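Written below as structure tokens is the structure these notes are about.
None of these values were measured; they are calculated from a predicted model.
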Amino acid sequence: MASYDQQFKILEVPPIVQELVGAGVKEPPSQYVLPEQYRPAAAAVSEMPEPIPIIDLSRLSAGSAEEFDKLRSALENWNLFLAVGHGMEPSFLAEAMKATREFFNLSIEEKQKYSNIVGGEKMGMDGYGNDMVVKENQVLDWNDRLNLLVEPESLRTYRLWPTQPPSFRDVLCEYTVRCKAATNIVLRNMAKMLNLQEEHLVNMIGDNSITQAIFNYYPQCPRPDHVLGLKAHTDGSIITVNFADAEGLQLERNGVWYNVPIVPNALVMNIGDIMEILSNGFFKSLVHRVVTNAEKERLSLVLVYTLELETQLEPVSELVDDKRPARYMKIKLNDYMEKYHDTYATGTLAIDGVKI
């Protein structure tokens, strides 16, 4: 299996955004300021024509045809949905968010024990930091993050798992198990939509497939009209599960941006690039971004489900025929993820580069 612990050469180590805000910065440094046409203020955010569907996973798991139809509609129209009935109690989700907040509230010295910077000029996939600077004049995101591989367990780098707060590791382990169960319910139903065997997609995420946890902290920003928390992108995932404590996530549909609402104790689940390729374009990867806020900070806990790094990415053979030939070229996941990091840095989409 390909190595997950590869390191990427970077041009610079960006500042910790939380430290900039703590120092009372009045204007964001120039490397965070977007060109005018890409600024949040330049793209009007519209009212949703209809609400994003809320899917009850417990009803979906029990075989509800109504819930199945709602899921199909959500994925076809929005490329994401809000999930309730996922089996995680509000008290447990509150504990997960509390552990996330307590980590980012630690001193910078404590957090830097888990830094993703290696030798001052390389960045690892796991650890605490922020943007991977690989391009000259790269516009940076107004957020700090902690990335941790959580699956497979054999590849976990425990020296980068925080020991403070004391609950952090146990909460993350439990969150990983419970999110996987919820995700599998969705994948079984997506397989049905594709007329595949019910376990087809679940089985593709084998024992060596990579799942990454990303803890995001978006501090208050003095110029939310000029700066993004996360630039517009798609996810390099099969499916992504997002739990946040405040609004800020926006999705793009037909060139229009929409706010994704916060529903208490709901998870946001969206389609990623890998699923678009596997489904031969039946499902589409979600273009989304995170805006900043002058008054409020924002936290999110994201799980990104991918495959084994040596996997040859291509449409599932059952979904390719003379009427619908393959719409994506073959590429090894490891190579795709390298392209993904490059395109993310430049604000372009890796998925566009593999379409036939």
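H86 and A83 make their closest contact through CD2-O, 3.2 Å (heavy atoms, listed as atom of the first residue, atom of the second, distance). Across all non-hydrogen atoms, the minimal contact from V227 to P40 is O-CG, 3.8 Å. Between L333 and L309 the shortest heavy-atom distance is CB-O, 3.6 Å. A pairwise comparison of heavy atoms in S279 and F283 identifies OG-N, 3.0 Å as the closest pair. Pairing each heavy atom of R327 with each of P315, the nearest pair is N-CG, 4.5 Å. Nearest heavy-atom pair, T240 versus V304, reported as atom, atom and distance to 0.1 Å: CG2-CG2, 4.3 Å.
No chain of hydrophobic side-chain contacts below 4.5 Å, direct or via other Ile, Leu, Val, Met, Phe, Trp or Tyr residues, connects V316 to V320. Hydrophobic cluster membership differs between L106 and I214, with clusters built from Ile, Leu, Val, Met, Phe, Trp and Tyr side chains linked at under 4.5 angstrom. Residues V177 and L172 fall into different hydrophobic clusters, defined by Ile, Leu, Val, Met, Phe, Trp and Tyr side chains chained together at heavy-atom separations under 4.5 Å. Criterion: ILVMFWY side-chain heavy atoms under 4.5 Å apart, direct or through other members. Under it, I262 and M88 are not part of a common hydrophobic cluster. Tracing side-chain contacts under 4.5 Å through hydrophobic residues (I, L, V, M, F, W, Y), one reaches Y175 starting from I239; they form part of the same cluster.
A salt bridge does not link K296 to E247: none of the charged nitrogens lies less than 4.0 Å from a carboxylate oxygen. Salt bridge status for D225 with R39: absent, with no side-chain N to carboxylate O gap under 4.0 Å. The pair K111-D144 does not count as a salt bridge, with every side-chain nitrogen at least 4.0 angstrom from each carboxylate oxygen.
In this structure, N293 contributes its side chain and E295 its backbone to a donor-acceptor pair below 3.5 Å. A side-chain donor-acceptor contact under 3.5 Å links R178 to the backbone of G87. Under the 3.5 Å distance criterion, the side-chain polar atoms of W142 are matched with a main-chain donor or acceptor of Q220. Distance alone, capped at 3.5 Å, places no donor-acceptor pair between the Q31 side chain and the L140 backbone. The closest donor-acceptor contact from the side chain of K70 to the backbone of I54 lies under 3.5 Å. A side-chain donor-acceptor contact under 3.5 Å links S64 to the backbone of E67. S300 contributes no side-chain N or O that, together with a main-chain N or O of A244, makes up a donor-acceptor pair within less than 3.5 Å. In this structure a side-chain-to-backbone donor-acceptor pair under 3.5 Å is missing from N242 to V268.
Between R253 and P49 there is a side-chain heavy-atom pair separated by less than 4.5 Å. No side-chain heavy atom of Y340 sits under 4.5 Å from any side-chain heavy atom of I351. Looking only at side-chain heavy atoms (C-beta outward), E310 and K332 come within less than 4.5 Å of each other. Two residues are said to be in side-chain contact when any heavy atoms from C-beta on lie closer than 4.5 Å; I16 and N130 meet this criterion. Considering only heavy atoms from C-beta on, L303 stays 4.5 Å or farther from T183 through its side chain. In this structure the side chain of N184 reaches within 4.5 angstrom of the side chain of K180, judged on heavy atoms. By the 4.5 Å heavy-atom criterion applied to side chains, E76 and F282 are counted as neighbours. Taking 4.5 Å as the limit, every side-chain heavy atom of D207 sits out of range of all side-chain heavy atoms of S154.
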Quiz prompt | Intermediate values then yes/no, side chain to side chain contact (heavy atoms under 4.5 Å, CB included), K192 and E198 | solution = CA-CA 6 Å; K192 284 188 206 170; E198 190 173 337; 3.9 Å; yes
Practice problem: Decide salt bridge (charged side-chain N to carboxylate O under 4.0 Å, His left out) for K98 and E102; before the verdict, give the C-alpha distance in whole Å, the side-chain angles of both, and the deciding distance to 0.1 Å. | Solution: CA-CA 6 Å; K98 180 170 178 275; E102 287 179 355; 3.0 Å; yes
Self-check item: Pair L187-Y305, side chain to side chain contact (heavy atoms under 4.5 Å, CB included): steps then yes or no
Solution: CA-CA 11 Å; L187 291 175; Y305 292 91; over 6 Å; no
Quiz prompt | Derivation of the side chain to side chain contact (heavy atoms under 4.5 Å, CB included) call for I210 and M125 | solution = CA-CA 12 Å; I210 301 290; M125 291 294 291; over 6 Å; no
Quiz item: Where do E66 and R59 land on the salt bridge (charged side-chain N to carboxylate O under 4.0 Å, His left out) test, with the steps shown first?
Solution: CA-CA 9 Å; E66 180 189 4; R59 294 190 67 215; 3.3 Å; yes
Exercise. Go through V139 and Y38 one step at a time and tell me if the side chain to side chain contact (heavy atoms under 4.5 Å, CB included) criterion holds.
Key: CA-CA 11 Å; V139 178; Y38 298 118; over 6 Å; no
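Between the CD atom of E174 and the OG atom of S167 there is a distance of 11.0 Å, given to the nearest 0.5 Å. From N77, atom CG reaches atom CG of L80 across 11.5 Å, with rounding to the nearest 0.5 Å. Note that the CG atom of L319 and the CG atom of N280 stand 6.5 Å from one another [nearest 0.5 Å]. Between atom CZ of residue R289 and atom CH2 of residue W257 there is a gap of 5.0 Å, rounded to the nearest 0.5 Å. Here the straight-line distance linking atom CD1 of I185 with atom CE of M269 works out to 8.5 Å at 0.5 Å rounding. With rounding to the nearest 0.5 Å, the separation of CG in L71 from CG in D69 is 9.5 Å.
For K284, the NZ atom counts as densely surrounded, since its 6.0 Å shell holds more than 12 non-hydrogen atoms of other residues, nucleotides or ligands. Counting non-hydrogen atoms of other residues, nucleotides and ligands closer than 6.0 Å to CG of D321 gives a total above 12. More than 12 heavy atoms of other residues, nucleotides or ligands sit less than 6.0 Å from atom CG of D352. In Q197, the CD atom is not crowded: 12 or fewer heavy atoms of neighbouring residues, nucleotides or ligands sit closer than 6.0 Å.
Between F103 and Y128, the ring-plane angle classifies as perpendicular under the 30° and 60° cut-offs. Below 30°, between 30° and 60°, or above 60°: for H233 and Y344 the angle between ring planes is above 60°, a perpendicular geometry.
N116 and N147 are not linked by any side-chain donor-acceptor pair at a separation below 3.5 angstrom, with hydrogens and angles left out of the test. Side-chain N/O atoms of T163 and Y114 include a donor and acceptor closer than 3.5 Å. Checked by atom type, the side-chain pair D235/H288 shows a donor-acceptor distance below 3.5 Å.
Note: F168 and F215 meet the aromatic proximity criterion, with ring centroids under 6.0 Å apart.
Here the rule is side chain to side chain contact (heavy atoms under 4.5 Å, CB included) with C179, and of V241, V150, T211 only V241 fits it.
A cation-pi arrangement is not found for R156 relative to W161, the charged atom failing to lie both closer than 6.0 Å to the ring centre and inside a 45° cone about the ring normal.
A search for side chain to side chain donor-acceptor pair (under 3.5 Å) contacts involving N143 returns R145, N216, not counting sequence neighbours.
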